[in-house]
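Below is one structure; the comments refer to it alone.
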Amino acid sequence: EVQLVESGGGFVQAGGSLRLACAASGFTFNAYGIGWFRQAPGKEREGVSYISSSDGSTVYADSVKGRFTISRDNAKNTVYLQMNSLKAEDTAVYYCAATPFKVYGSSWSRRTSYPVWGKGTQVTVSS
């Protein structure tokens, strides 16, 4: 069964840190690019970051650049999102998603680029 499972969410005060993990199973993990998305109440799901399958290149949304770091451990079939200097506006459900297709330009941030999705993990940042 193709599956992505997010973990590591929780409640943290502004300025704090969390590390999310996305564990994959049921497919050839190192052949897939992985994206992190988030969705706050009443808002659309937005792309946060992406890491490629080929060379591990990364992309970040402007809103998280310099604060979040995405990484992958192919031996563990896991992608991480280290989130530092968290702000109240980072509060959302965070999802990871996988794609076997090359992404170009801004397509990394489009939901339709990813055929495989996890169920999400809640991140709440209090101010």
Side-chain angles (χ1 to χ4, degrees):
E1 179 187 4
V2 173
Q3 196 171 16
L4 293 173
V5 179
E6 303 92 338
S7 62
F11 183 93
V12 65
Q13 290 191 330
S17 298
L18 284 173
R19 188 175 82 153
L20 305 184
C22 170
S25 60
F27 60 95
T28 306
F29 178 73
N30 59 11
Y32 281 64
I34 304 294
W36 280 99
F37 287 73
R38 67 186 181 186
Q39 188 165 17
K43 295 189 176 181
E44 291 192 359
R45 195 170 298 187
E46 64 173 355
V48 174
S49 185
Y50 169 82
I51 187 165
S52 73
S53 61
S54 54
D55 60 2
S57 57
T58 59
V59 186
Y60 297 93
D62 287 343
S63 59
V64 306
K65 208 170 289 184
R67 300 188 297 121
F68 290 11
T69 303
I70 190 171
S71 61
R72 66 188 299 158
D73 184 340
N74 288 337
K76 295 183 178 180
N77 285 4
T78 301
V79 167
Y80 303 97
L81 186 69
Q82 178 67 44
M83 307 187 296
N84 298 330
S85 302
L86 283 161
K87 305 175 182 179
E89 52 263 43
D90 295 318
T91 295
V93 177
Y94 283 71
Y95 301 87
C96 63
T99 180
F101 310 114
K102 283 194 179 291
V103 295
Y104 299 94
S106 63
S107 64
W108 73 269
S109 63
R110 296 189 197 126
R111 294 178 63 175
T112 54
S113 296
Y114 300 84
V116 184
W117 286 83
K119 294 183 178 180
T121 185
Q122 175 71 47
V123 171
T124 304
V125 184
S126 73
S127 56

Open item on the list: Check for me, please, whether V48 and I51 land in the same ILVMFWY cluster - side-chain distances under 4.5 Å, paths through other members count.
Closed with: yes
TODO: Taking the side chain as every heavy atom from C-beta outward, state whether F11 and V125 have any atom pair closer than 4.5 Å.
DONE: no
- [ ] Could you tell me if the ring centre of Y50 sits under 6.0 Å from that of W36?
- [x] no
Open item on the list: Can a donor-acceptor pair be found, under 3.5 Å and without considering hydrogens, that links the side chain of T28 to the backbone of N30?
Closed with: no
Task: Parallel, tilted or perpendicular: ring planes of Y94 versus F68, cut at 30 and 60 degrees - done: tilted
TODO: Check whether any side-chain heavy atom of F37 lies under 4.5 Å from a side-chain heavy atom of R110, and answer yes or no.
DONE: no
Task: From OG (S109) to OH (Y114), nearest 0.5 Å - done: 7.5 Å
Task: Between CG on residue D90 and OG on residue S63, distance to nearest 0.5 Å - done: 7.5 Å
Task: Cation-pi geometry met for R72 and F29 (6.0 Å, 45°) - done: yes
Task: Closest non-hydrogen atom pair between N77 and N74, with its separation - done: OD1-O, 3.1 Å
Task: Nearest heavy atoms of A24 and L4, plus distance in Å - done: CB-CD2, 3.6 Å
Task: Distance in Å, C22 SG paired with E6 CD, rounded so as to fall on 0.5 Å steps - done: 5.5 Å
TODO: Indicate yes or no: at least one non-hydrogen side-chain atom of T91 is less than 4.5 angstrom from one of Q122.
DONE: yes
- [ ] Please report the shortest heavy-atom distance between A98 and I34, naming the atom on each side.
- [x] CB-CD1, 3.6 Å
Open item on the list: Side chains of I70 and V79, heavy atoms from C-beta outward: is any pair under 4.5 Å?
Closed with: yes
- [ ] Could you tell me which non-hydrogen atom of K43 sits nearest to which non-hydrogen atom of Q39, and how far apart they are?
- [x] O-NE2, 3.2 Å
Open item on the list: Taking L20 as the starting point, is it possible to reach Y60 by hopping between hydrophobic residues whose side chains are less than 4.5 Å apart?
Closed with: yes
Open item on the list: Do P100 and S53 have side chains that approach each other closer than 4.5 Å (heavy atoms only, starting at C-beta)?
Closed with: no
TODO: Measure the shortest side-chain to side-chain distance between L18 and V123 over non-hydrogen atoms and say whether it is less than 4.5 angstrom.
DONE: yes
Open item on the list: Before you tell me yes or no, could you show the steps for S57 and S52 under side chain to side chain donor-acceptor pair (under 3.5 Å), namely the whole-Å CA-CA distance, both residues' side-chain angles and the distance that decides it to 0.1 Å?
Closed with: CA-CA 5 Å; S57 57; S52 73; 3.2 Å; yes
- [ ] Please answer: with hydrophobic residues joined when any side-chain heavy atoms are less than 4.5 Å apart, are W117 and V103 in the same cluster?
- [x] yes
- [ ] Give a yes or no on whether a salt bridge exists between K65 and D62, defined as a side-chain N under 4.0 angstrom from a carboxylate O.
- [x] yes
TODO: Would you mind checking if E46 and R38 are paired as a salt bridge, meaning a charged N to carboxylate O distance below 4.0 Å?
DONE: yes
Open item on the list: Which heavy atom of S113 sits nearest to which heavy atom of F101, and what is that distance?
Closed with: O-CD1, 4.3 Å
Task: S17 versus N84, side-chain donor and acceptor atoms under 3.5 Å - done: yes
Open item on the list: Minimum heavy-atom separation for W108 and S49, please, with both atom names.
Closed with: CZ3-N, 3.3 Å
Task: Side-chain touch R67/M83, heavy atoms, less than 4.5 angstrom - done: no
Task: pair T99-V116: side-chain heavy atoms closer than 4.5 Å - done: no
